[in-house]
Amino acid sequence: MKKPVIAIDGYSSTGKSSISKVIADKLGLIHMDTGALYRGVTWYALQYCTDENGQIDLNKLFSSLDQIDLEFKNNDGTLVLFLNNTDISKEIRTQKVSDNVSLVAKQKEIRDFLLQSQRSLAEKGGVMMDGRDIGTVVLPNADYKFFLTASIDERTKRRFLELKGMGIEADKDQVRQNLIERDKIDSEREIAPLKQADDAIVIDNSNLTKEETIELILSYIQKI
């Protein structure tokens with residue numbers, strides 16, 4: 001029997017990736033954090049495709065896409081992102097990448113570049129994919145779709161603690177503003193905006209723990 005394809009979309013710092021990893025493990029699925037792919041492209045752009053002011057030069061980035069090889073590798077049960085055979089899993093979580101990823105992610109050229117690789121991974125089933133347009137664009141025929149949301153105060157706290165836990169210096173007000181700006185850019189972008197699929201199950205986990213959110217999602221999957 002073919003294993004299911006599950007799509008989880010939602011706002012930044014709602015726990016999409018960490019929650020998806022646990023559920024995928026419980027169900028024996030492959031987990032793919034698509035946001036990491038966009039962060040990977042953004043990190044590459046910041047290293048190699050900037051102008052004289054240190055800003056990302058999109059045209060330079062578009063012409064360099066054939067030099068970008070992003071790959072998830074299994075590291076003790078966790079998929080780790082590699083760029084051209086180098087582990088960049090920590091680098092892509094820096095504030096600098098967070099400040100620029102929405103700009104990169106809204107570009108049609110970038111979304112087209114990453115779209116086919118995401119769909120190819122899901123073709124055989126047994127995949128849990130999280131992002132912002134998975135249920136609406138990448139995997140519109142997913143067997144299960146969920147949309148996670150939470151209050152801006154709760155998401156700010158989570159993101160701040162995540163950065164602190166990684167040893168990355170961060171200002172709480174700056175983290176909050178970055179989340180607000182990313183929400184706006186992601187929701188209003190012309191290409192594949194952050195949007196709840198009509199048939200997605202909405203889960204507000206502002207007052208739910210990670211474990212409670214996981215159990216709630218699993219309860220829906222077991223029901224259907």
Side-chain angles (χ1 to χ4, degrees), residues 1-40 70-82 87-93 98 101 117-119 121-136 138-139 142-151 154-168 175 179 182 194 196-197 199-224:
M1 183 178 175
K2 186 179 178 182
K3 290 185 177 180
V5 172
I6 303 173
I8 294 193
D9 292 307
Y11 292 94
S12 300
S13 299
T14 51
K16 294 188 304 295
S17 296
S18 60
I19 286 167
S20 295
K21 285 176 185 175
V22 175
I23 294 175
D25 185 57
K26 285 179 177 290
L27 298 178
L29 308 176
I30 294 171
H31 168 251
M32 186 173 183
D33 172 8
T34 63
L37 294 172
Y38 288 99
R39 284 176 171 272
L70 290 167
E71 180 184 10
F72 284 106
K73 294 184 180 180
N74 194 315
N75 181 14
D76 293 329
T78 299
L79 289 182
V80 176
L81 185 64
F82 282 72
D87 180 352
I88 57 168
S89 54
K90 183 173 181 179
E91 287 81 356
I92 63 173
R93 300 299 170 185
S98 293
V101 66
S117 63
Q118 295 170 58
R119 284 181 173 166
L121 186 66
E123 279 179 1
K124 295 180 181 179
V127 169
M128 185 155 196
M129 202 174 287
D130 70 84
R132 286 168 176 71
D133 64 342
I134 310 304
T136 54
V138 181
L139 303 175
D143 299 300
Y144 306 101
K145 299 178 186 177
F146 297 92
F147 189 90
L148 297 187
T149 184
S151 69
E154 181 61 27
R155 292 192 289 131
T156 298
K157 183 175 77 174
R158 292 173 186 174
R159 177 67 177 151
F160 179 75
L161 291 174
E162 177 190 18
L163 291 171
K164 192 175 178 181
M166 295 173 67
I168 298 173
V175 169
L179 287 172
R182 288 183 65 192
L194 168 63
Q196 175 197 331
D199 54 348
I201 296 166
V202 181
I203 294 177
D204 184 334
N205 66 4
S206 301
N207 299 310
L208 297 177
T209 64
K210 177 180 175 181
E211 290 72 25
E212 289 170 337
T213 304
I214 289 167
E215 289 307 313
L216 182 56
I217 291 173
L218 285 171
S219 74
Y220 280 109
I221 294 173
Q222 289 157 4
K223 258 192 238 174
I224 300 172

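Partners of Arg159 under the side-chain hydrogen bond (donor to acceptor under 3.5 Å, both in side chains) rule, at least two apart in sequence or in another chain, are Ser98, Glu162. Every residue was checked against the side chain to side chain contact (heavy atoms under 4.5 Å, CB included) condition with Asn207, not counting sequence neighbours, and none meets it. Applying the side-chain hydrogen bond (donor to acceptor under 3.5 Å, both in side chains) criterion to Asn205, with sequence neighbours excluded, gives Arg158. Under the ring-ring contact (aromatic ring centres under 6.0 Å, His included) criterion, Tyr38 pairs with no residue at all, not counting sequence neighbours. Ser13 is linked by a side-chain hydrogen bond (donor to acceptor under 3.5 Å, both in side chains) to nothing, counting only residues two or more places apart in sequence or in another chain. With sequence neighbours excluded, no residue forms a salt bridge (Lys or Arg N to Asp or Glu O under 4.0 Å) with Asp9. Listed by chain and number, the residues in a side-chain hydrogen bond (donor to acceptor under 3.5 Å, both in side chains) with Lys16 amount to none (sequence neighbours excluded). Residues meeting the ring-ring contact (aromatic ring centres under 6.0 Å, His included) test with Tyr11, sequence neighbours left out: Phe147. With sequence neighbours excluded, the residues that form a side chain to side chain contact (heavy atoms under 4.5 Å, CB included) with Thr156 are Ile152, Lys172, Val175, Arg176, Leu179. Shown here are the side chain to side chain contact (heavy atoms under 4.5 Å, CB included) partners of Leu161, two or more places apart in sequence or in another chain: Lys157. Listed by chain and residue number, Asp186 satisfy the salt bridge (Lys or Arg N to Asp or Glu O under 4.0 Å) test with Arg132 (two or more places apart in sequence, or in another chain).
For the pair Gly40 and Leu70, the tightest heavy-atom approach, listed with the atom from each and the gap, is CA-CD2, 4.2 Å. The minimum heavy-atom distance between Ile134 and Ala7, with the atom names listed, is CG2-CB, 3.5 Å. Scanning both residues, Ser151 and Ser206, for their nearest heavy atoms gives N-OG, 2.8 Å. Closest of all the heavy-atom pairs between Met32 and Leu37 is CE-CD1, 3.4 Å. Here the shortest heavy-atom pairing between Ser17 and Asp130 reads OG-OD1, 3.0 Å. Listed here is the closest heavy atom pair of Val127 and Met129: CG1-CE, 3.9 Å.
Side-chain atoms of Arg119 do not come within 3.5 Å of backbone N or O of Leu139 as any donor-acceptor pair. No donor-acceptor pair under 3.5 Å is formed between the side chain of Asp143 and the backbone N or O of Ile6. Side-chain N or O atoms of Arg155 include one that pairs as donor or acceptor with a backbone N or O of Ser12 at under 3.5 Å.
A 4.5 Å side-chain heavy-atom check between Lys3 and Leu27 finds every atom pair outside the cut-off. Taking the side chain as every heavy atom from C-beta outward, Asp33 and Ser20 never approach each other to under 4.5 Å. The side-chain heavy atoms of Leu81 and Arg39, taken from C-beta on, include no pair separated by under 4.5 Å.
Within the model, atoms OG1 of Thr213 and CD1 of Ile23 stand 8.5 Å from one another, a figure rounded to the nearest 0.5 Å. In this structure, Ile19 CD1 and Leu148 CG are separated by 5.5 Å, a value rounded to the nearest 0.5 Å. Residue Ile214 holds its CD1 atom at 6.0 Å from CD of Glu211, rounded to the nearest 0.5 Å. A distance of 10.5 Å separates CD in Gln196 from CD1 in Ile201, rounded to the nearest 0.5 Å. Here the CZ atom belonging to Phe72 is positioned 11.5 Å from the CD1 atom belonging to Ile30, to the nearest 0.5 angstrom.
Side-chain contact of His31 with Asp25: a donor-acceptor pair under 3.5 Å is absent, judged by distance alone.
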